[in-house]
Amino acid sequence: MSYKDYHIVLASNSPRRKELLRGLDIDFEVKVLPDISENYPMSLSALDVALYISNEKADAYEKLIMGNELIITADTVVVVGKDVLGKPKSATDAKRMLQEISGRTHQVVTGVCLSTTNFRRSFKVVTNVTFKKLKESEIDYYINNYKPYDKAGAYGIQEWIGYVGVTSLEGSYFNVMGLPIQRIWEELNRL
């Protein structure tokens, strides 16, 4: 079977994930279940959190997969040392996160699951991102003008803060946006 034999479903409302998947020129539908837990065991390695959560999301969809559907679930986190940064809950939380990544290299980790009625493929992609030492005025400007509350680590690399702050990147740029689209393409073509 080829990925073209499946009805592809993206289990995410993220505008960035939808944009990236559209970039592959494949047809897909968006289906989102409300209130899927994004909790994880505190004993889990920081680099394994996103994969764990993407599998939890896949579990929530498992009984709903019909016929030839292929569900894509994903989760992205920012890892600084051993700390996992998810989405900020407030401007204060966003400022704390941006101060934590300022002048440092961190990892952006996206876990992805491709699930059908017959199989599940899970993988994670890690990208190293280095930020310059951000000025407080830059952090404040970004938070006030871009409201990054729906983004892991409180930033979007494709936005103003990425333009002025990112000094180097090792790995997938699109992974940092929220979906390692090149790896997804490879996995779809392995079906």
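Under the ring-ring contact (aromatic ring centres under 6.0 Å, His included) criterion, Phe28 pairs with no residue, sequence neighbours left out. Every salt bridge (Lys or Arg N to Asp or Glu O under 4.0 Å) that Lys57 has, sequence neighbours left out, goes to Glu38, Asp75. Glu56 is linked by a side chain to side chain contact (heavy atoms under 4.5 Å, CB included) to Tyr52, Asp59, counting only residues two or more places apart in sequence or in another chain.
For the atom pair CG of Asn68 and OG1 of Thr116, the computed distance is 10.0 Å after rounding to the nearest 0.5 Å. Interatomic distance, CG of Leu10 versus CD1 of Ile71, reported as 9.5 Å (0.5 Å rounding). Taking CG from Leu134 and CD1 from Ile101, the interatomic distance works out to 6.5 Å, rounded to the nearest 0.5 Å. Atom CD of residue Glu159 and atom CG of residue Asn145 lie 10.5 Å apart, to the nearest 0.5 angstrom.
The nearest pair of heavy atoms linking Leu85 to Glu100 is CD2-OE1, 3.8 Å. Across Leu169 and Gly171, no two heavy atoms sit closer than the pair CD2-O, 3.5 Å. The two atoms that bring Tyr3 and Ile26 nearest to each other are CE1-CG2, 3.4 Å, heavy atoms only. In terms of heavy atoms, Asn55 sits closest to Ser122 at OD1-OG, 3.1 Å. For the residue pair Ser172 and Thr127, the shortest heavy atom distance occurs at O-OG1, 3.1 Å. Counting all heavy atoms, side chain and backbone alike, Arg17 lies closest to Gly178 at NE-O, 2.8 Å.
Cluster annotation: Val9 and Leu179 are assigned to the same hydrophobic cluster (Ile/Leu/Val/Met/Phe/Trp/Tyr, side-chain heavy-atom contacts under 4.5 Å, transitive). Under the 4.5 Å side-chain contact rule for hydrophobic residues, Val109 and Leu51 do not share a cluster.
Annotation: cation-pi geometry satisfied between Arg121 and Phe119 (NZ/CZ under 6.0 angstrom from ring centroid, within 45° of ring axis).
Judged purely by distance below 3.5 Å, without hydrogens or angles, the side chains of Asn175 and Arg183 never pair a donor atom with an acceptor atom.
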**OP:** Decide side chain to side chain contact (heavy atoms under 4.5 Å, CB included) for Val77 and Thr110; before the verdict, give the C-alpha distance in whole Å, the side-chain angles of both, and the deciding distance to 0.1 Å.
**Re:** CA-CA 7 Å; Val77 298; Thr110 302; over 6 Å; no
**OP:** Starting from the C-alpha separation in whole Å, work towards a yes-or-no answer on salt bridge (Lys or Arg N to Asp or Glu O under 4.0 Å) for Lys4 and Asp27.
**Re:** CA-CA 9 Å; Lys4 294 176 183 176; Asp27 292 326; over 6 Å; no
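For an aromatic pair to be called close, the ring centres must be under 6.0 Å apart, and Tyr155 with Tyr146 fails this.
Glu187 and Arg190 are joined by a salt bridge, as a carboxylate oxygen and a charged side-chain nitrogen come within less than 4.0 angstrom of each other. Lys135 has no carboxylate O lying under 4.0 Å from a charged side-chain N of Asp140, or vice versa, which leaves the two without a salt bridge.
No donor-acceptor pair under 3.5 Å is formed between the side chain of Lys132 and the backbone N or O of Val166.
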